[in-house]
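Below, read A as the first sequence line, B as the second, and so on, with proteins coming before strands; counting in each chain starts at 1.
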Amino acid sequence: MKGLFAVISRELIEKRLVLAAALLAGLLALVVPLAGGLSGTSAGDARSWTASLLAFAFATGLPIGLGVTSLAPAIASRRIGFDLARPVSAFDLWTGRILAATLLAAGCAAIVWIPTGISGAAVPWRDLLKAPELPRSWPLMFLGGLVLLFAASHAASIAFRSRSALLLLDVALALAAAFSLSAALGRLPLFMGEDAHRRAACGFAVVAAITVLAAGYASVSGGRTEIRDAHRSLSLVLWIGLGAAAVGVNAYASWVLSASPADLGDVWGAAPAAAGSGVIVRGPARGTEATFVYDTASGRFVRARVVDWLWPEFSLDGRRVVWIEGGDHGGPFPVWSWQVGEPDAVRTRLRLDGYPAFTIPSPDGRRLATIERGTLSIHDLDLATTLASARVGGERDQFRGFFAAPDRFRLCRIRADEKTHRIDIMELDVASRSLSTRGSIASLSEWVFLAVDRSGDRLIVRERRPGRARLFDGRTGDPIATLAAGDGEIVWLGFLSDGRMVMTEASDHETRLRVFSSKGAPERVIPLPKGSRVAVGGEIEPDRIIVAIGDDPVERTIHVVDVGAGEIRRIADGLYPVVHLAAFSSQPNLVAEAGSEATKLFYDRGRNLVRLDPRTGERRVGLGKGAAP
Amino acid sequence: MIDPIRLEKLTVRYGRTTACADVTLAVPAGAVYALLGRNGAGKSSLVRCLLGEQRPSAGRAFLFGESSWKSRRGAMARTGVVPEDPDAPLAMTARQLDAFCRRVYPRWDSDAVAARLERFGVPPRTAFGRLSKGQKGQVMLALALGHSPELLVLDDPTLGLDAVARRALFEEIVGELADRGTSVFLTTHDLAGFEGIATRVGILKEGRLVVDEEIEALKSRFRRIRYANRLTETRTAFGTELDSFDAPRVRVRGWGIDAVVSNFSDESFERFRAIDGVENATAEPLSLEEIFVAVAGEEKGDKR
């Protein structure tokens, strides 16, 4: 340490004139307003800005200037021999000069500010320093930045002064490292998770900073009085370090991207196919927000690079899933497709200019309906062409839709006026490329929810006020029946697989399940166990539905309700069903088939995805941190 | 006892140019070793390797038994160095340099430094860059001796010094040697100045160490032989009369032959004088400078 302090103090003594120059610069900032004829607040602002700029110039210019002129010329001219002929280590020489340069830079910046500070001028970047985004350790980061400026300038100075062909290799390796880093970060787009991106970038930056410092030390320790040896030592350490960092970032990116559903820490959300064994799961995995399409039958999965608000969509039969690949810098966005259970997903030739409001695949998965900026389009995924397209509304409209037939797409447009809502039922015919309005449901009060049966022929609309649910013809919007409720609030309603409908109704003192015939006639009222919250899950077999009751948003008591017999059986606690009798997606008829795998999936308190066998009550954590390895 | 300096097959190359090749030598404790060589002979490269300032291309350099490349810092605590070009920071005064050295050496005698500077007449508060070349050299010498080193390495210390400064430097070194028996390794062109000080001498020629021996032994085997040559082709000794000597330099003069021989002995010289045709032969001792010129200055002359 004696050597280190000796080098620092000698450097400070040797370069002491810059402190005087800083003081002069500070005085210059004081007189600037006088030269411009300014007074009052304007003069104070002019002073503080001038002092700030000069302080910044000293703070950044000195490390660069000293980095270029301090050690590299001493090595090149062999004047470093004076130090090497003393019992001073290379570490002391390198570190001492860095610290001295940093102290001088910071000291000069402070000295420049002194006269302005004494004059009472306000710091112009005071608000910036108080910004909550600014890390508390910013002074240390600032000093670290000065250290790196010195080290990087020294490295450049050594490389140029050696006049060696190695400089060309340096340039080539710098480009390779930059390209490699850019490629690695490009593989970790921001929309998939800023954490992983930040970790990769920060990791590289930290390693690069350490490497630049180590390379500078190596140039002194390994070069001593030979500038070319110094350059060789510097380059060796620099490119080994940066190369390792670039490889590390790439390896990290590969590790992050190779995550499987088993790596999900939590299951933030799941969307099973209405039929079959496919399920979309989303959650944090290895520092990113991962979306997987997972085939529970084969264990195969693909990772869908999607933005968080545009999930992949299953076809109605659950065999095909389609998604739009997200990007950080705008479109066109490629469309991907996966035949559930196949080894790999296919990047179709179809590209979309923007993110659509929804993407709905046809039942066979070959066509894709999208709405983008109020225009409904039907695309052919195999041919990558748009088959039909029509303007269907504006930015404020909401849309639900489904393929009523391979060539016909039925759209429910929900339009909100000032006081009322209306639903327009439209169909886009692919063959004739024509859009027709088939009917409307007008004068709806505050619209909350609609559900469509699997065929699309019937439609239920629930209005929050006046608390009623009505059944309509899904093709024309003609009213069929009002689903009579009691004095409670309608909570859930949906279609059973045989066409009947169920509704849950809750009041202060009781919760009931009402069953209606396919034409809307009341059939049965089943009192449910008490609980402030009730949710209707899937139909585990014809006539038997899951009902989750409790006071907690997630942890509910799971019951199987036999709507035919009116019996209730409690089968599990602490779970919440993943699917419901009504679809919340853009496809209102996408309801899990009775007895499908989707109806057996639940969330637990720990955000795990749990499979519950409704017959035996056996439960197994399938995904999430609670899953068995 | 460990030799303060030992070089083993030391080789320094710059690209395809070899500065010194396979140099092996040792400087025992208390010796004053003068390494001689023409400009570009590789002396400074060798000194830098010796001081751990440059990595040899091959071979090794040891100071006090330790690799000077790996253990430079420890060795420098026991070594004083006066470089060829005074290389102290230009903005620092002698007093500031003294203060710097005081911090880095385990033991340091500022009073001795101040006394030497006063003897030399160097102003202690003048920036190093503003001193004359001689004063700079004197500051470097004062700093080199400030920690009473066991070994003093001087790389052409008298280069560019006037006679007064040279004398002061010699006196200082002689005083140091007399007081403490410091080992000295020096490279120099000032052969006359160091002839009375050096105990051993090495001569580098084109990077190779062609002479490495005690100075008295060296001087005893070198002689200048002059003789009138009456040898003709009919005589058996024609063209071979100097063969019993190794003659690195032979010149034909109007009056006869002027040769420098490197393995002179009285017996050989008597036999030489007895050769039929060799007349008026004389043998004169050589100064170190003359020996150096004979060894390093020129290629062998023609022997007729």
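- Listed for the R47(A) side chain is a donor-acceptor partner under 3.5 Å among the backbone atoms of L30(A).
- Between the side chain of S219(A) and the main chain of S233(A), no donor-acceptor pair closer than 3.5 Å is present.
- In this structure, no portion of P83(B) lies under 4.5 Å from any heavy atom of chain A.
- Checked by atom type and distance alone, the side chain of S221(A) never pairs as donor or acceptor with a backbone atom of Y217(A) at under 3.5 Å.
- A donor-acceptor distance shorter than 3.5 angstrom exists from the side chain of T24(B) to the backbone of K9(B), with no hydrogens or angles considered.
- At least one donor-acceptor pair under 3.5 Å links the side chain of T199(B) to the backbone N or O of V32(B).
- When each of D85(B), T79(B), L90(B) is checked for heavy-atom pairs under 4.5 Å with chain A, L90(B) comes out on top.
- A donor-acceptor pair under 3.5 Å is absent between the side-chain atoms of S180(A) and the main chain of A176(A), judged by distance alone.
- By number of non-hydrogen pairs under 4.5 angstrom with chain A, the leading residue of R102(B), R78(B), M92(B), M76(B) is M76(B).
- Other residues, nucleotides and ligands contribute over 12 non-hydrogen atoms within 6.0 Å of the OH atom of Y14(B).
- Close approach to chain A, defined as a heavy atom under 4.5 Å from one of its heavy atoms, is seen in R48(B), G52(B), E53(B), Q54(B), S68(B), W69(B), R72(B), R73(B) of residues 48-74 of chain B, taken by number.
- Checking R103(B) against S9(A) by side-chain atom types alone, a donor-acceptor pair falls below 3.5 Å.
- Judged purely by atom type and a 3.5 angstrom limit, K205(B) has no side-chain atom pairing as donor or acceptor with the backbone of R38(B).
- With S157(A) contributing its side chain and V68(A) its backbone, the two residues share a donor-acceptor pair below 3.5 Å.
- Checked by atom type and distance alone, the side chain of Q96(B) pairs as donor or acceptor with a backbone atom of T93(B) at under 3.5 Å.
- Side-chain contact between R163(A) and I227(A) is absent, with no heavy atoms from C-beta onward closer than 4.5 Å.
- Residues of residues 139-159 of chain B lying within less than 4.5 angstrom of chain A, judged on heavy atoms, are M140(B), L143(B) in numerical order.
- The choice from A88(B), A127(B), A77(B) that makes the most heavy-atom pairs within less than 4.5 Å of chain A is A88(B).
- Listed by first and then second residue, the salt bridge (charged side-chain N to carboxylate O under 4.0 Å, His left out) pairs that reach into residues 118-137 of chain B are R119(B)-E172(B), sequence neighbours excluded.
- Other residues, nucleotides and ligands contribute more than 12 heavy atoms inside 6.0 Å of the CG atom of L24(A).
- Proximity to chain B among residues 78-109 of chain A is limited to R78(A), R79(A), G81(A), F82(A), D83(A), L84(A), A85(A), R86(A), P87(A), V88(A), S89(A), A90(A), D92(A), judged by heavy-atom separations below 4.5 angstrom.
- Using a distance-only test at 3.5 Å, with no hydrogens or angles considered, no donor-acceptor pair links the side chain of R13(B) to the main chain of T18(B).
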